[in-house]
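Written out below as structure tokens is the structure these notes cover.
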Amino acid sequence: MSDSHASAVGHHAEENKFQIYVRIAMILAVITGVEIAVIGLPFHKWLLVSTLVILSAVKFMYVIFYFMHLRWDKVFCTVLFFIGLVIAGATMWALIKLFSVHDSIPLTISLNGVAQLAGLA
Amino acid sequence: MRLYSLLPHFTRWGRAAVLAGATLLLTGCDLNFWRMDGHQSTIVVNGPVARSQLDVFYTTVAVTMVIFVIVGSVLAYATLKFRAKSSEDEHAEPPEQGHGNPLIELSLIGASVMALVIIAIPTLKAIWFTYDVPAEEKANAYEVNATGLQWWFRFDYPNEQINGVGPLTTSNELVIPAGRPIRINLRSNDVIHSFWVPKLAGKVDMIPNRGNFIWLQADEPGYFWGQCAEYCGESHAVMRFRVIALGPREFNEWVGRQMEPARTVKDTGDQPKAQFASYRTDWKRNEKGYSGKFDLNPLDAWRAHQEPEKHENAALIAKGKELFQAKTCFSCHVIRGHMVGGSSAYPDLTHVGARTTIAAGLLENNPEQLARWITHPNEVKPGNKMYVNGYLANNIQLTPDDVSALVAYLSSLK
Amino acid sequence: MDATVKSHFTAKEEHAPAKSFVFWRPTAKTGLVSWLTTVDHKRIGFLYGLFALFFFLVGGSEALMIRLQLMVPNNNVLTAIQYNQMFTMHGTTMIFLAVMPLGAAFFNIIMPLQIGARDVAFPRLNAFSLWTFVAGAIIVNIGWFLPDGPPITSWVGYAPLTSKLYHPSHSTDFWVLGLQLLGVASIAAALNFIVTIINLRAPGMTMMRLPVFTWMTLVTSFLIILSFPAITIALVEVMMDRQFGTNFFEVSNGGMPILWQHLFWIFGHPEVYILILPAMGIISEILPTFSRKPLFGYPIVVFSGACIGFLGFTVWSHHMFTTGMGTVATAAFSLATMAIAVPTGVKIFNWIGTLWGGHLRMRTPMMFALGFIWMFMIGGFSGVMHAAAPADAQQQDSYFVIAHFHYVLIGGSIFALLAGIHYWFPLIVGRQVSDFWGKLSFWVIFVGFNVTFFPMHFLGLNGMPRRTFTYDGNLGWNTANFIATIGAMILGVGIAIYFGVMIYTYFKGTRVGRDPWDGRTLEWSLPNPPPEYNYHVIPTVHARDAYWYEKHHREEIAKETAEHRKEDEAHGGLHMPHQSIYPLVASTGALIGAFGACYHDFAVAITGGIVLLAGIYLWSLEGNEGYHLHLDEAGRPIEDPHAKH
Amino acid sequence: MSSQAATATIDHHHDHTTSTGIPNKKLLMWAFLASDCMFFGSLISTHLIYRLHPPPGNPSPRDVFDIPLTSFSTFILLMSSLMMALAVNAIQKGNLRSMRFSLLTTIFFGSIFLGGQVYEFTNFVHEKHLTITNSILGTTFYTLTGTHGTHVAIGVLWLIMMYVRSFKPADTAAHPLWFFRNVLHVAVMLGLVLSAMFSVLALVHTLQAGGSLGAFASHNLPLVAAFVVALVAAVALAKPQGPVHFGEANAIDVESMGLYWHFVDIVWIVIFTAVYLLEYL
Ligand code: HEA
Ligand code: HEA
Ligand code: CUA
Ligand SMILES: [Cu+2]
């Protein structure tokens, strides 16, 4: 196995992957830092929740599109994964909603708990 | 084989089939199958909630029937018209290899959606109507709590508080005022059960840790069959109950009687000394526990149950009361005013004699069945908690004399 | 089995590598070892089919016991516990061990042939799926041999009935872990099918040329990989509650039993489409063949199938209309459920469109297929009646539901699968079932089925609850129950005729040549039974009904094939995968592990885990090597001294 | 797969033997990950539902969680993802040494994450009195994070096996004992990871309890010894032995593993936000 790597058609994008990966990792680390900082900020709750959700979605997308290579792969891989992701996400959302309607509140509930995380549902 | 060549056979078979069917129906079986007016019919109903649900059902039937007839006719026509009539036909040149027609597709899709809209509108209306007591009726609604337990029902009346005891409690027979919306809170402490009185309303489940409720209303006084509809373990099949709807006055009288502590039969001296009846003991497992007579007019049968028996044997009843304590029955069952003990996890027997059924709507409440229940609880209702946690755990043994005393006592608790 | 084996061309692997004992690769092509280590999709499918049919008879016998008990009121054939065991195991067996694996059998055998592939993408994974399914089936059924008997939790196993408090016996643990293994098997198989269909299509076989059965395989596989995780989690939660005392469904610590229902039905509803979509695929193959006409509106049929699959994930709570979800949720799920009638209707319309103007040959598969349309329609209509939530409040957990789902499951899935067995039997076995006996079995089954289940609609409307071991005679249910039981017996006779004839034909039936039905899809281009490598030369596809096209363009195709054969030969012949022992080892590990876990015996559980891991490790180390086959134009082997693996 | 064809160039993004050009293994992995979304979706839903409706007396997560530790773990997992990506990059260029190095760092970071989780769990159980049975919070929290941890552990195992696999000799006939060497190598690597992890945990506990390094060494001698032995063995076994049966052609295997590893990472991204951070608002 030789270290020299014969470049075939369509391979040139790869030359600088190393740089890209390191840069992405740095971005991810920074976002994580921001997230941790955000929870201490004195803003309105829904703003913070949306910020956190968006930030982690951004991280998520960076990882799947760069580290996991989707960006350079056939779109079909993206479609395939998103079928699962979307159905799972929608199901989660529906479940959490279903449990949050008045009829579904369990009998054993501490009220402050509801208040605490109401922003989520 | 071609259809027409079979036709003569068909007529012969058909006649035989009709004959066989007729004999089947006439020999002992019942006609309710066709009339669908059994005690738990969802078709012949007696309350607004069940009626609203029935209307939706009829809408769905009408719409799907129409579609069925149309689609079915086309399908039948296509099958008959285009079938290869002979073997030459089978090997003929293949037909035109057509691939479809978007216009037909689209119009059929449109038609299906239209059909669904016809179903959806009454459905949505009924969802909201059957959900809770209508706003304008709220003030008039009567509230009850129902709890499912393996395998019986407890009913509490939060509006009828008894001093120092709590709400009026009864089991397996829910008595309600007729013509008034009833809102029932449904609870369970063990597994999931479901509260279903088909003639009054569809079911709602009783789920642990969940505050479900149902509303229903009986048009007029009547006697209704109910059943636990969610599989809840071994004896789910025999977890039944009854609902008795009464006119306002009669209902109030009933409440009045129930609020009283348990009845004590006075020894007037001229009654016979303890005389033991003997009851059938050779019951088969799962043998029927009802009589046809009762069904003819169940509401009157219920009314008759409210009255004390003519010739009560006070001595025997007193003996039964002692035995109830001696045999540890009181450690589970409450008999308000007679002895201290028992809990709400077991049926309240304060007025058990005034109920038409025992063992959760399974057996008719008469001395024979009562005796059967307390001698063979496990044969009547396999795995029931009275047998497992009482008879087995406390090693309860009853002689025939004990049984007839207990029966006399329990029957006297009107 | 022999018919499948004998005609398989089997080449000796002369160049089997000299490897250490651990990497021994079995080469036997006949006998027990060959079946245990096979990686041939047709043999794996055949085994799936055999196991599934066996369990169908088991489940059917359980059903007959149920019907016997309910024949007359206050009957005493079974005790309460025995009855509850019967319907629990009947439901579990029929769904997970009969219909699903029967579908998997067809996926395995037919789908690779239809797309012009030599095997599935991961042959050893395929074997692993099969043996893990068998392991799961054993675990689920072990209850029969335990003192407590099988579980009595019903096939939906609603919490908290499955908790240790209410069912301390091990049979519930076996049920939980058995289903878990079945889930693993199904997911692994489905992943394999997805990759196969997406990636191993013959040249020219575009997605919009895929046979509809293959399309439905794809959709079903997606449903499997996306729905099974939900029940996996639900089962994990029950298992944790039972084994480690956690609180998922423990009410005293705030658990919510309703959560189980949600997770179960998030799986459960897609599951019922997992059962019906393959059936619809089979019907979409049979109708065009016997009408001698392409499927009407192919793209719409395909699209509606995908649509049903997708909508299947949006309706789960229609099984929970009576759990008090509140108005909005009830309305939403009610409407979503009704929406499924549209794509389903589209299929029905297109099937009728296919018949229209055709030359319908009324052979047995066609009879079953037409029966399917009628029966499924009835079942679908009662489904729509359920979808109207207020009406369902009266129907839920009554015999109306039993009627609904047996119409879609038997009148739907089972009819289609029976049709499919008849249809592809000549291809797989090389013999054809007598049309007379086939039709006779159809009519007996058809009549028996309707006599059994039609009265159940009335029972349900008359208030008879399901899962009840007894009923009283004064409720107006006697006649219908009696008729239903008689019907079940007729049905049993029909099934017995059906399988009797099948077994007879397997050994003694008339042999038929290639393409007995004048088929349209690629599998019919193969000799029957097909050789181990399926296609000597991978076909090139020019049209949707690929084989129909081939039959009408013979010269063009012959020339093309000859060219491709030369190219193949130049590239070293056909590549065939080696057989392997490790999928079986890994599955055995899973079996042992599950067994140990049920008994809380960590030594056994860990042993099983180690065997499983070792199996996978060795499986990956032995590599997916294979050998090369060289065939002459007629498909006979050529000796090739330079063959390398 | 035949032994590496050093002559032909391998196109890592297009497999001409498949209909779509996507390699089978990659497609399998993506389909599996789609399925795994649903798996974690159900599990995370369970946790969130119970968090939204906690029964009275449930401990408050704020009193239990340790954000600095979790942030550290999150960061570590991110870095492991980076190393994983680099490993794939390396092997696609046929750079075996670089790939091995990256795999080892990935294993290293993965093990730190696992160690952090073990530390977190023991800490929660002993200090915060949150057990898997005593509250619904414990139940869902441990099950969710534990399942994720199991995924990480499987990933580490897979990484180790892939790492060791890269030593398989090209000519197995010339190395008749290669298989035993291979098994031994896996065992050594496992031992190394475990002994290292528990040594560090023991060290941390000793230091936290105010003990000295000497106390740590004397109490955990067998552990430390095992670590040293495993380390020496691992170094020895990593010595090259001639041509190996692993190269560019195996890039797809490493890549599939990488997909799994990154997925485990993104699940953690979700858990970190949904389970930990949101509690602090
Ligand atoms: C093969 C399996 C299968 C299939 C295909 C279906 C199909 C459907 N099912 Fe069924 N169902 C089950 C298997 C299946 N079901 C099982 C096993 C249960 C019970 C589980 C248990 O509790 O144990 C169940 C239970 C069940 C319930 C819950 C009942 C209850 O417990 O209360 C509901 C409620 O909505 C329902 C609805 C439907 C609907 C709307 C369809 C639709 O997909 C049907 C669509 C088809 C048609 C409508 C016919 C053809 C269409 C036309 C000709 C077009 C025109 C028609 C109209 C516009 C109306 N089903
Ligand atoms: C695909 C699925 C499937 C199939 C094919 C069937 C087939 C049948 N089912 Fe099914 N059934 C279910 C799925 C299915 N069922 C489910 C999911 C439930 C719910 C369970 C629950 O509530 O938890 C259920 C429940 C159920 C009940 C309700 C039980 C209750 O709620 O109390 C009844 C009652 O009649 C019944 C009857 C039948 C009958 C008569 C058949 C017949 O079609 C069977 C026909 C087959 C045969 C008759 C076999 C032939 C056998 C021989 C020829 C002899 C055997 C010989 C040997 C073993 C060597 N089933
Ligand atoms: Cu209670 Cu069924
Ligand atoms: Cu459904």
Side-chain angles (χ1 to χ4, degrees), chain A residues 1 6 8-11 46 53 56-57 60-61 63-65 67-121, chain C residues 187 190-191 194-195 197-199 207 218-219 221-230 233-234 247 249-267 269-270 306 309-317 320-333 336:
Chain A
M1 185 170 341
V9 199
H11 264 213
W46 69 262
V53 170
S56 21
F60 193 104
M61 293 300 156
V63 175
I64 61 171
F65 278 103
F67 283 176
M68 294 168 90
H69 223 267
L70 276 183
R71 190 172 170 257
W72 296 285
D73 275 334
K74 289 252 151 71
V75 268
F76 185 76
C77 291
T78 314
V79 173
L80 186 58
F81 180 66
F82 271 72
I83 292 176
L85 189 62
V86 168
I87 290 185
T91 308
M92 277 180 75
W93 175 82
L95 261 180
I96 290 172
K97 275 283 174 211
L98 276 168
F99 274 90
S100 302
V101 297
H102 176 76
D103 292 87
S104 295
I105 302 297
L107 293 172
T108 56
I109 176 111
S110 82
L111 289 168
N112 65 351
V114 187
Q116 238 181 52
L117 273 164
L120 248 181
Chain C
I187 292 183
L191 292 172
I194 291 178
V195 177
I197 297 174
I198 304 277
N199 257 357
M207 290 308 271
L218 183 64
V219 176
S221 301
F222 269 102
L223 290 184
I224 290 177
I225 64 165
L226 295 178
S227 69
F228 266 85
I233 291 300
N247 304 309
F249 307 118
E250 177 52 54
V251 177
S252 60
N253 277 333
M256 288 186 262
I258 190 84
L259 180 63
W260 163 272
Q261 294 192 24
H262 280 291
L263 292 178
F264 182 88
W265 290 116
I266 286 175
F267 148 79
H269 188 81
F310 177 76
L311 286 177
F313 282 98
T314 65
V315 299
W316 76 83
S317 287
M320 301 166 62
F321 280 148
T322 60
T323 58
M325 290 185 295
T327 45
V328 178
T330 305
F333 281 105

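Every chain is numbered from 1 and lettered A, B, ... according to where its sequence line falls, protein lines coming before strand lines.
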For C:Ala329 and A:Leu98, the nearest pair of non-hydrogen atoms, with its separation, is CB-CD2, 3.6 Å
Heavy-atom contact with chain A under 4.5 Å, split by part of C:Leu259 = both
After noting the C-alpha distance and the side-chain angles of A:Leu107 and C:Val251, does the key distance pass the side-chain contact (heavy atoms from CB on, under 4.5 Å) rule?
-> CA-CA 10 Å; A:Leu107 293 172; C:Val251 177; over 6 Å; no
Enumerate donor-acceptor pairs with a distance under 3.5 Å from any side-chain N or O in residues 74-91 of chain A to protein atoms, sequence neighbours excluded.
from    : atom 1 : to      : atom 2 : distance (Å)
A:Lys74 : NZ     : D:His14 : ND1    : 3.1
A:Lys74 : NZ     : D:Thr20 : O      : 3.2
A:Thr91 : OG1    : A:Ile87 : O      : 2.6

Distance-only donor-acceptor pairs under 3.5 Å for side chains of residues 310-317 of chain C, two or more places apart:
from     : atom 1 : to       : atom 2 : distance (Å)
C:Thr314 : OG1    : C:Leu311 : O      : 2.7
C:Trp316 : NE1    : C:His262 : ND1    : 3.0

